[in-house]
Amino acid sequence: MGKDKAIEIVKNLNMTIDKMLDKSIIRKSDNSIFHNPSVSKRVLVKKKDELISKYNLKKKEYGATKSEG
C-alpha cells in the first residue's frame with residue numbers, strides 16, 4: 001500500500017469515527033459461535049494511529065478531525 005492510499009484510508013476512518021457515538025452499544029449474539037460484525041471505536045482509532053505512524057503522515061495531509069482539533 002502506498003502513502004496516497006494510506007491517506008485515503010485515514011480520511012475514511014476519521015469520517016467513520018466522527019459519526020460513531022461516544023458509547024456505542026454492541027449487541028451480544030445469543031449464539032457465542034458467531035462474532036459480532038460491528039467494530040468498536042477504540043479499534044478504529046488504534047488502526048488509524050498505526051497507519052499514521054507507519055507512513056509518517058502529518059495532520060495537514062489527512063486533515064484534522066473534530067476530536068483532534
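Computed from a predicted structure; not experimentally measured.
- Applying the side chain to side chain contact (heavy atoms under 4.5 Å, CB included) criterion to Lys11, with sequence neighbours excluded, gives Ile7, Tyr62.
- Closest approach of Leu13 to Leu51, counting heavy atoms only: CD1-CD1, 4.3 Å.
- Between the NZ atom in Lys58 and the CG atom in Asn56 there is a gap of 6.0 Å [rounded to 0.5 Å].
- Considering only residues two or more places apart in sequence or on other chains, Lys3 meets the side-chain hydrogen bond (donor to acceptor under 3.5 Å, both in side chains) condition with Glu61.
- Here the CG-NZ distance, from Asp49 to Lys47, works out to 11.5 Å after rounding to the nearest 0.5 Å.
- Between Ile9 and Lys48 there is no side-chain heavy-atom pair separated by less than 4.5 Å.
- Every residue was checked against the side chain to side chain contact (heavy atoms under 4.5 Å, CB included) condition with Lys54, not counting sequence neighbours, and none meets it.
- Under the salt bridge (charged side-chain N to carboxylate O under 4.0 Å, His left out) criterion, Lys46 pairs with no residue at all, not counting sequence neighbours.
- The distance from atom CG of Asn14 to atom CD1 of Ile52, rounded to the nearest 0.5 Å, is 6.5 Å.
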